[in-house]
Amino acid sequence: MKSMIKNRLLLVTAICFLFAGTSCQYDEIVDIPYPESLVYLPIAVNGSISPDGIYTIEEGASTAWVSPTPGQPMKYTVRNADNAFVIPLGIYRSGTGKTIKGSVNVSVMLNADTVQTLIDNGVLTDVEVLPSEYVLQIPQNIQIPDGKNETTFDVSVALDFLRKDAPKKYAMGIVISDENNRVNKQLNTGIILIDTKITIPVATFTTQLDGSSFDTFVFTNSSLYWDFFSGEEPFSWDFGDGSAISHEINPKHQYGAVGDYNVTLTVRGITGETVTVTNTVSVKSN
């Protein structure tokens, strides 16, 4: 470390007697050096994200994921209006108190060379370097404010490119630096891997009778990679009997007559694309 911040540590040794003439002794003993505050990318911390330190985006919204904890954060968001697949990230700095006084200006750049090296060395398999022309947004400079340990920023990638090449995997490297050498050089580069399978919605469900009923069915939705972001209804159920469309995740439906009915589930994905699946249910006489 080029600089050390020293705080004076007072060791107080108090020998106080319960008798008359109580006395206390105070001894100043040592200077304790504290390491300087260093800036780093949290996604570069090996083991904090995955065993190999790769920040992998491969999980989309699923019915198992959203229930029973609606609103659980994912590693990305989507803005269809400007074709953006958005990855929220952060920059942290170590330290407390005087060690985080003053702001820090950090530069951010793409780093394709590190990704290519990982591919060449077999660390990343079945992965391609994300072409830089499809990175829509990456800030060149970010400031960690005075007295703060962190700041956030977004990287966005062209959503239509990810969907067009699905289900490929793409990786991008991000490296940070600053003019005053306050960046931890062992934690200055993060690798983000995007599994584009999450852009392809999957529609699937199972059906069972509701208890001892002969005409009421419970539909269990196990679809994957549906639209969690637009605010539009991601599910549409057509029960095949002319009744109203349902937008519930796991609906229940009662039929009014004996017969076979084709039940169709339509699922909307994060790009606005829809897929359907149809299963047949049979209502038999009681």
Side-chain angles (χ1 to χ4, degrees), residues 38-62 65 73-79 83-94 104-142 144 149-179 181-200 224-225 270-271:
L38 292 179
V39 177
Y40 64 98
L41 276 170
I43 63 170
V45 179
N46 185 32
S48 67
I49 304 302
S50 65
D52 54 10
I54 307 298
Y55 190 74
T56 302
I57 301 174
E58 62 182 352
E59 181 182 10
S62 67
W65 170 87
M74 287 194 288
K75 294 180 178 179
Y76 67 94
T77 59
V78 168
R79 295 196 309 262
N83 184 40
F85 182 92
V86 184
I87 307 166
L89 299 173
I91 297 177
Y92 288 15
R93 65 170 161 179
S94 57
V104 179
N105 294 310
V106 181
S107 298
V108 183
M109 295 180 61
L110 290 175
N111 181 353
D113 292 342
T114 299
V115 176
Q116 189 60 56
T117 298
L118 293 173
I119 292 173
D120 294 342
N121 293 340
V123 176
L124 295 176
T125 57
D126 299 321
V127 175
E128 296 181 19
V129 176
L130 179 70
S132 61
E133 61 264 34
Y134 296 110
V135 179
L136 303 180
Q137 173 192 0
I138 182 169
Q140 294 183 340
N141 296 285
I142 300 172
I144 301 179
N149 286 99
E150 76 284 333
T151 192
T152 60
F153 67 99
D154 290 338
V155 173
S156 63
V157 179
L159 179 60
D160 59 358
F161 168 75
L162 298 178
R163 176 62 188 93
K164 176 177 68 70
D165 275 357
K168 284 186 177 181
K169 296 178 183 179
Y170 287 102
M172 59 191 298
I174 294 176
V175 61
I176 60 172
S177 62
D178 83 310
E179 294 180 352
N181 295 318
R182 287 173 292 185
V183 169
N184 186 329
K185 290 182 172 54
Q186 294 182 334
L187 299 174
N188 70 339
T189 302
I191 306 298
I192 301 169
L193 189 153
I194 304 172
D195 190 332
T196 63
K197 69 181 181 183
I198 62 178
T199 65
I200 308 173
L224 300 172
Y225 315 135
I270 64 174
T271 67

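- Across all their heavy atoms, Ala84 and Leu136 have their closest contact at CA-CD1, 4.3 Å.
- The stretch residues 166-178 participates, sequence neighbours left out, in these salt bridge (charged side-chain N to carboxylate O under 4.0 Å, His left out) pairs: Glu128-Lys168, Asp178-Arg182.
- In this structure, Thr271 OG1 and Asn83 CG are separated by 10.0 Å, a value rounded to the nearest 0.5 Å.
- By the 6.0 Å contact criterion, CG on Asp126 is open, its count of non-hydrogen atoms from other residues, nucleotides or ligands being 12 or less.
- The CD atom of Glu59 sits 9.5 Å away from atom CG of Leu224, with the distance rounded to the nearest 0.5 Å.
- Residues forming a side chain to side chain donor-acceptor pair (under 3.5 Å) with Asp120 (at least two apart in sequence, or on another chain): Gln116.
- Other residues, nucleotides and ligands place no more than 12 heavy atoms under 6.0 Å from the CD atom of Gln186.
- Atoms CG and CG, from Asn181 and Leu38 in turn, are 10.0 Å apart once rounded to the nearest 0.5 Å.
- For Phe153, there are no ring-ring contact (aromatic ring centres under 6.0 Å, His included) partners two or more places apart in sequence or in a different chain.
- Annotation: side-chain contact (heavy atoms from CB on, under 4.5 Å) contacts of Asn111 (sequence neighbours excluded): Asp113, Thr114, Val175, Thr189.
- Under the rule for a ring-ring contact (aromatic ring centres under 6.0 Å, His included), the partners of Phe85 that lie at least two apart in sequence or sit in another chain are Tyr76.
- Leu41 CG to Leu89 CG: the interatomic distance, rounded to the nearest 0.5 Å, is 7.5 Å.
- Across Leu124 and Ala171, no two heavy atoms sit closer than the pair CD1-CB, 4.0 Å.
- In this structure, CD in Glu58 is found 9.0 Å from CD1 in Ile198, a value given to the nearest 0.5 Å.
- The six-membered or imidazole ring of Tyr134 lies away from that of Tyr170, with a centre-to-centre distance of 6.0 Å or more.
- Asn105 meets the side-chain contact (heavy atoms from CB on, under 4.5 Å) test with Gln143; sequence neighbours excluded.
- Between the side chain of Thr56 and the backbone N or O of Leu193, no donor-acceptor pair lies under 3.5 Å.
- Surrounding CD of Glu179 are at most 12 heavy atoms belonging to other residues, nucleotides or ligands under 6.0 Å away.
- Nearest heavy atom pair, residue Ile91 against residue Pro42, reads CA-CD, 4.2 Å.
- Nearest heavy atom pair, residue Val115 against residue Met172, reads CG2-C, 3.6 Å.
- The nearest pair of heavy atoms linking Ile87 to Lys75 is CG2-O, 3.8 Å.
- Between atom OH of residue Tyr92 and atom OG1 of residue Thr151 there is a gap of 10.5 Å, rounded to the nearest 0.5 Å.
- Minimum heavy-atom separation, Ile144 to Glu150: CG2-N, 4.1 Å.
- Panel note: side chain Asp195, backbone Lys197; a donor-acceptor pair is recorded below 3.5 Å.
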